[in-house]
Amino acid sequence: MGIFANVANAIWARLLDHKGKVTSFGGFLFGILCALAFKDFYPDLEHSFRRRMRRLRGPEIPHLAPGQHDQVRLEDHTERKSSGLVVDSNDARRTLDSIGANIAVGVEGLVGHTPLVKLKYLSEATDCEILAKAEYLNGAGNSPKDRVALSMINLAEEEGLLVPGRGDTIYEGTVGSTGISLAAVCRARGYKAYICMPDDQATEKSDLLLKLGAIVERVRPASIVDQDQFVNLARRRAEEHTDDSDKPGRGFFADQFENTANYLAHQNTTGPEIYAQTQGHIDAFVAGAGTGGTISGVALALKPLLPDMQVVLADPQGSGLYNKIKYGVLFSATETEGTRRRHQVDSIVEGVGINRLTANFSAGMHLIDDAVKVGDKQAMQMARWLVEKEGLFVGASSAVNCVAAAYLAKKLGKGKTIVTVLCDSGTRHLSKFWKEAGNIEAAEEELDLEEILDGVK
C-alpha cells in the first residue's frame with residue numbers, strides 16, 4: 001500500500017504545483033484523458049442524434065450516410081431517386097399503398113372531408129383568425145347538403161324505405177341546394193329525383209336540376225300552412241306515387257326540414273372534421289340556418305368538447321330565428337300584415353332564414369349562444385369584398401356567414417379563432433343575388449370592412 005501511495009503522490013505532484021494550481025503537464029494529461037473519454041462516448045451521442053433526426057423526418061425518408069446524397073442504388077430495378085434521396089423499394093410500396101387507400105369510391109366518396117381555409121384578408125382586417133369550412137367543395141352537389149342527402153338516403157335504405165333498382169323516386173321540397181345534392185346522389189344510387197321548389201328562386205338551380213335528370217315542379221310562393229306550398233306539395237306527390245300501382249317502386253319524401261338524419265350528418269362528420277382541423281382551438285362557430293341542420297349538428301358535436309366555445313346564428317333580414325335566439329320569440333317585422341313580400345323571408349338571400357322552428361334547428365337550439373342579423377346590403381357588399389380581397393366567388397348564404405363572423409371577431413377582440421361555412425358557389429346565384437350585387441370593376445374603389453359591418457346587429 002505504501003508503494004501505491006508514493007506513486008499516487010508523485011503523479012499528483014506533477015499535476016499540481018505547491019500553490020494547488022494545475023501545471024502545464026497536468027493540463028496536457030487532463031486533455032488527453034478527456035479526448036479518450038469523449039472518443040468512447042461520441043458514437044453513442046451521434047447515434048442518439050441520428051435516431052432523433054429519423055423520427056423528425058418521418059418513416060418515408062430514410063437516413064443517409066455522409067456523402068450519400070447523390071447516390072442511386074439499383075437493386076432489383078425497383079428503387080427510385082426522389083429529390084436526391086435514395087428511397088427503398090419497401091418505402092415506395094408503402095407510399096403507393098397509402099395513396100391507393102385514399103381513392104374515393106363513387107360520387108359518395110367525394111362527400112365530406114372538405115378543407116378548412118383561413119380567410120387571409122378578413123383575418124387581417126379583424127385581427128382574428130377567421131376560418132371557413134369550404135363546403136362548396138363537396139363533390140356531389142357542391143354544398144353542405146351533399147352530407148344531408150347521403151345521410152337521408154343511407155338511413156332510408158337501412159330502414160327498407162328505399163331499395164336500389166326497385167324504381168323508387170325521392171321527392172323533396174327545396175329552394176335548390178338540397179335538391180341538387182339529392183339529384184346527384186340519386187343517380188349514383190339508382191333512384192329518380194322529383195323536386196318541388198318556389199318559382200322565385202334563381203333559375204340556375206332549376207336548370208342544373210334538369211341537367212342532373214331530376215323532375216322539377218316550380219310552384220308559386222306560399223305559406224307553410226298552404227297545402228300547395230313547395231314542401232307540402234312534395235310530400236303529397238310522394239304519397240300519390242306510392243298509392244299509384246301503375247308507377248314503379250314507391251315514393252319517398254326526404255323531408256329535409258324535419259328528417260333528423262340532416263343534423264346527424266353534421267354531428268357525425270362536419271363537427272368532428274372541424275375539431276380535427278383546428279385541433280380543438282375554436283372560440284366561436286358561426287352559421288346560418290334554413291333547415292337548421294348545420295348549426296345544430298356542429299354545435300352538438302363541438303359543445304361537449306369545447307364548452308366555452310360560442311355558437312352564433314347568422315340570420316338574414318326577414319327571418320324570425322334572430323328574435324327567437326335573442327328574445328325567445330319567433331317573429332320578424334316583415335311578418336306584419338301587409339308588409340311581407342316573399343314566401344319565406346323578406347330577403348334576396350336564398351338558402352338560410354326561416355319563420356318556423358324545424359326539428360333539426362330545435363335539436364341544437366339550446367346550444368346557440370347568440371345571433372347576428374345581416375341585411376341584404378351587408379351580404380352583397382361582403383360577397384363583393386370576398387371577390388376583391390380573397391378571390392372567392394361565393395353565394396348569398398356564405399356572404400351572410402362571413403359578415404356575421406367578421407362582426408363577431410370585432411366584438412370578441414383580437415386573437416380569437418372563429419370558424420364559419422362557405423356553403424356554395426356564386427354561380428348558383430347569378431340571376432338573382434349577384435345580379436343585385438353587380439359586377440366587380442377592375443378600377444373601382446375598394447370596399448371598407450367597417451362600412452360593410454355598419455348596421456349589423
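The NZ atom of Lys410 sits 6.5 Å away from atom OG1 of Thr126, with the distance rounded to the nearest 0.5 Å. Atoms CZ and SG, from Arg236 and Cys196 in turn, are 8.5 Å apart once rounded to the nearest 0.5 Å. Ile295 CD1 to Tyr263 OH: the interatomic distance, rounded to the nearest 0.5 Å, is 15.0 Å. Taking CZ from Phe252 and OG1 from Thr169, the interatomic distance works out to 12.5 Å, rounded to the nearest 0.5 Å. The CE atom of Met152 sits 8.0 Å away from atom NZ of Lys145, with the distance rounded to the nearest 0.5 Å. The CG atom of Leu430 sits 8.0 Å away from atom OG of Ser425, with the distance rounded to the nearest 0.5 Å.
Judged purely by atom type and a 3.5 angstrom limit, Glu350 uses its side chain to pair as donor or acceptor with the backbone of Ala202. At distances below 3.5 Å, not a single donor-acceptor pair connects side-chain atoms of Ser397 with backbone N or O atoms of Cys423. Side chain of Asn401 to backbone of Ala287: no donor-acceptor contact under 3.5 angstrom is found. A donor-acceptor pair is defined here as one N or O able to donate and one able to accept, closer than 3.5 Å; no such pair exists between the side chain of Asp370 and the backbone of Val311. The backbone N or O of Gln201 lies less than 3.5 Å from a partner atom in the side chain of Arg218, making a donor-acceptor pair. At distances below 3.5 Å, not a single donor-acceptor pair connects side-chain atoms of Glu159 with backbone N or O atoms of Ala156. Side chain of Asn360 to main chain of Gly293: no donor-acceptor pair is present (N/O by atom type, distance under 3.5 Å, no hydrogens or angles). Side-chain atoms of Glu390 come within 3.5 Å of backbone N or O of Tyr121 as a donor-acceptor pair. Between the side chain of Arg189 and the backbone N or O of Ile153 there is no donor-acceptor pair closer than 3.5 Å. Checking side-chain atoms of Arg250 against main-chain N and O of Arg166 turns up no donor-acceptor pair under 3.5 Å.
Partners of Phe393 by ring pair (Phe, Tyr, Trp, His ring centres under 6.0 Å), not counting sequence neighbours, listed by chain and number: Trp434. Considering only residues two or more places apart in sequence or on other chains, Phe253 meets the ring pair (Phe, Tyr, Trp, His ring centres under 6.0 Å) condition with none of them.
Contacts classified as salt bridge (Lys or Arg N to Asp or Glu O under 4.0 Å) and involving residues 282-296 (residues at least two apart or in different chains) are not found.
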field: Step-by-step side-chain contact (heavy atoms from CB on, under 4.5 Å) determination, Asp454 to Glu450
entry: CA-CA 6 Å; Asp454 184 39; Glu450 295 297 333; over 6 Å; no
Candidate pair Asp315 and Val372, rule side-chain contact (heavy atoms from CB on, under 4.5 Å), full reasoning: CA-CA 6 Å; Asp315 211 33; Val372 177; over 6 Å; no
Steps toward salt bridge (charged side-chain N to carboxylate O under 4.0 Å, His left out) verdict (Glu436, Lys377): CA-CA 10 Å; Glu436 291 290 330; Lys377 179 181 178 181; over 6 Å; no
query: Can you check salt bridge (charged side-chain N to carboxylate O under 4.0 Å, His left out) on Glu240 and Arg237, steps first, answer last?
result: CA-CA 5 Å; Glu240 291 169 353; Arg237 293 286 187 254; 3.3 Å; yes
task: Could you give me the CA-CA distance, side-chain angles and deciding distance for Asp369 and Lys303, then say whether salt bridge (charged side-chain N to carboxylate O under 4.0 Å, His left out) is met?
output: CA-CA 11 Å; Asp369 301 291; Lys303 270 285 195 176; 3.0 Å; yes
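Taking 4.0 Å as the cut-off between side-chain N and carboxylate O, Lys432 and Glu204 do not count as a salt-bridged pair. Ion pairing between a basic and an acidic side chain is recognised when a charged N comes within 4.0 Å of a carboxylate O; Lys416 and Asp127 show no such pairing. Of the charged side-chain nitrogens involved, none lies within less than 4.0 Å of a carboxylate oxygen, so that Lys120 and Glu129 do not count as a salt-bridged pair.
Between the side chains of Lys133 and Thr114, at least one donor N or O sits under 3.5 Å from an acceptor N or O. Using modelled atom types, one finds a donor on one side chain and an acceptor on the other under 3.5 Å when comparing Thr294 with His266. For the residue pair Thr178 and Gln256, a side-chain donor N or O sits within less than 3.5 Å of a side-chain acceptor on the partner. Side chains of His241 and Asp168: a donor-acceptor N/O pair is absent below 3.5 angstrom, by distance only. With 3.5 Å as the limit, one finds a donor-acceptor pair spanning the side chains of Glu135 and Asn138. A donor-acceptor contact under 3.5 angstrom links the side chains of Thr291 and Asn262, judged on distance only.
Just one residue in the list Leu302, Leu116, Val286 forms a side chain to side chain contact (heavy atoms under 4.5 Å, CB included) with Val419, and that residue is Leu116. When each of Val352, Val374, Ile354 is tested with Pro316 by the rule side chain to side chain contact (heavy atoms under 4.5 Å, CB included), just one qualifies, namely Val352. Partner of Arg220 under the side chain to side chain donor-acceptor pair (under 3.5 Å) criterion, out of Asp200, Asp226, Asp199: Asp226 alone.
Using a 4.5 Å heavy-atom threshold, the side chains of Thr270 and Pro144 count as separate. A 4.5 Å side-chain heavy-atom check between Ile215 and Lys192 finds every atom pair outside the cut-off. Using a 4.5 Å heavy-atom threshold, the side chains of Phe230 and Val175 count as touching.
The minimum heavy-atom distance between Gly139 and Asp146, with the atom names listed, is N-OD2, 3.7 Å. Scanning both residues, Gly290 and Thr358, for their nearest heavy atoms gives O-CG2, 4.4 Å. Closest of all the heavy-atom pairs between Cys402 and Leu386 is SG-CD1, 3.9 Å. The minimum heavy-atom distance linking Asn355 with Ser319 is given by the pair OD1-C, 3.5 Å.
Atom NZ of Lys247 has more than 12 heavy atoms from other residues, nucleotides or ligands within 6.0 Å.
Seen from the ring of Tyr136, Arg428 does not count as a face-on cation partner, given the 6.0 Å and 45° thresholds.
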